[in-house]
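Data block below; observations after.
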Amino acid sequence: MSNAVKLYQLSRKVHKWAGLILSVVFMFLAVTGLLIVFSTQLGLGSGVNTVEGNAEPSQTIPIDKVLSITSQEFSSVTSINDISRIELTASPHVYRVLANDQEVVMDANTGKILSKKPDYTTLLITMHDGSFFGNWYKFSAVAMAGLSLILLSFSGYYMVGFPLYKRLMARKKAKNLEIS
């Protein structure tokens with residue numbers, strides 16, 4: 001058996017097993033990515049897309065007021081250390097405060113609570129990027145999935161290209177025999 005045929009067979013085996021094993025990681029990334037993209041439509045996000053009025057950023061309530069309002073909404077929030085994230089979004093002009101896996105969305109100008117519900121989007125994002133499982137997963141499984149995707153691409157190209165090359169060479173050889 002020629003080296004080219006052996007390489008082709010090895011390429012098929014590597015492609016098959018790497019694809020089967022890594023399809024679990026790829027499927028997980030695809031599902032969490034789709035859930036993130038459609039989180040608002042699925043009711044996983046806050047669903048707040050507009051607010052009344054359109055004030056300037058200089059008119060936003062200060063962070064200490066945001067903390068005070070959040071601590072009134074959640075008894076478990078007693079200090080800034082209990083808050084995971086405070087995010088000011090430009091459109092809509094709101095504060096999104098994440099505390100203890102709960103999200104409060106408040107009007108950035110008035111402090112009025114617009115939404116208060118569990119935050120699933122942050123969980124989905126951390127699962128999607130691998131940080132939910134820890135650095136070992138993020139830097140091993142996700143990195144290996146990316147490198148393996150490159151390997152799968154090259155072995156796939158080879159599996160398609162090798163038979164085409166062999167047919168082309170066979171036709172060329174047959175044409176040369178006809179001419180002789």
Side-chain angles (χ1 to χ4, degrees), residues 17-156:
W17 289 107
L20 283 173
I21 292 167
L22 291 167
S23 67
V24 175
V25 176
F26 296 144
M27 185 63 71
F28 182 77
L29 292 172
V31 169
T32 55
L34 283 170
L35 288 173
I36 291 166
V37 168
F38 295 107
S39 63
T40 302
Q41 291 84 348
L42 294 171
L44 302 173
S46 66
V48 176
N49 295 322
T50 60
V51 293
E52 293 178 17
N54 195 9
E56 293 296 316
S58 62
Q59 297 173 325
T60 59
I61 59 174
I63 295 295
D64 57 343
K65 177 99 171 156
V66 172
L67 176 61
S68 171
I69 294 168
T70 305
S71 62
Q72 290 171 7
E73 292 299 318
F74 299 120
S75 59
S76 61
V77 176
T78 57
S79 73
I80 194 78
N81 296 331
D82 297 326
I83 294 178
S84 305
R85 182 180 72 217
I86 299 175
E87 178 181 304
L88 174 63
T89 61
S91 178
H93 196 63
V94 296
Y95 277 113
R96 295 179 189 277
V97 183
L98 180 66
N100 303 325
D101 295 327
Q102 295 284 317
E103 183 181 51
V104 173
V105 180
M106 67 181 75
D107 186 310
N109 303 317
T110 64
K112 177 183 172 190
I113 300 295
L114 304 173
S115 172
K116 180 176 125 178
K117 61 194 294 189
D119 178 51
Y120 298 109
T121 53
T122 301
L123 174 66
L124 287 171
I125 290 168
T126 59
M127 289 174 72
H128 185 73
D129 75 4
S131 59
F132 176 81
F133 303 106
N135 283 339
W136 70 269
Y137 178 82
K138 186 175 184 176
F139 293 113
S140 61
V142 175
M144 289 306 293
L147 292 172
S148 297
L149 187 56
I150 294 168
L151 176 68
L152 288 171
S153 297
F154 282 119
S155 63

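Computed from a prediction, not measured in an experiment: that's the story for all the values here.
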_Check against side chain to side chain contact (heavy atoms under 4.5 Å, CB included), Ile125 and His128_ = CA-CA 5 Å; Ile125 290 168; His128 185 73; 5.6 Å; no
*asked:* Using the rule given for side chain to side chain contact (heavy atoms under 4.5 Å, CB included), can you reason through Thr60 versus Asn109, listing the C-alpha separation, both sets of side-chain angles and the distance that settles it, and then say yes or no?
replied: CA-CA 5 Å; Thr60 59; Asn109 303 317; 4.2 Å; yes
_Distance check, rounded to the nearest 0.5 Å: Ser131 atom OG versus Phe139 atom CZ?_
9.5 Å
_Steps toward side chain to side chain contact (heavy atoms under 4.5 Å, CB included) verdict (Leu152, Phe26)_ = CA-CA 12 Å; Leu152 288 171; Phe26 296 144; 4.0 Å; yes
*asked:* Quick check for you: to the nearest 0.5 Å, what is the distance between Ile61 atom CD1 and Met106 atom CE?
replied: 5.5 Å
*Check whether more than 12 heavy atoms from other residues, nucleotides or ligands sit under 6.0 Å from atom CZ of Phe154, and answer yes or no.*
no
_If I take atom CD1 from residue Ile69 and atom OH from residue Tyr95, how far apart are they, to the nearest 0.5 angstrom?_
9.5 Å
*Could you check Ile83 against Phe74 for side chain to side chain contact (heavy atoms under 4.5 Å, CB included), going step by step and ending with a plain yes or no?*
CA-CA 11 Å; Ile83 294 178; Phe74 299 120; over 6 Å; no
*Can you measure from CG (Leu88) to CD1 (Ile63) and round to the nearest 0.5 angstrom?*
7.5 Å
*asked:* Could you check whether atom CE of Met144 has more than 12 heavy atoms from other residues, nucleotides or ligands sitting under 6.0 Å from it?
replied: no
_Please report the interatomic distance CD(Gln41) to CG(Leu35), rounded to the nearest 0.5 Å._
11.5 Å
*To the nearest 0.5 angstrom, please state how far the CG atom of Asp129 sits from the CG atom of Leu29.*
9.5 Å
_Main chain of Asp64, side chain of Ser68: is a donor-acceptor contact present, judged purely on distance under 3.5 Å?_
no
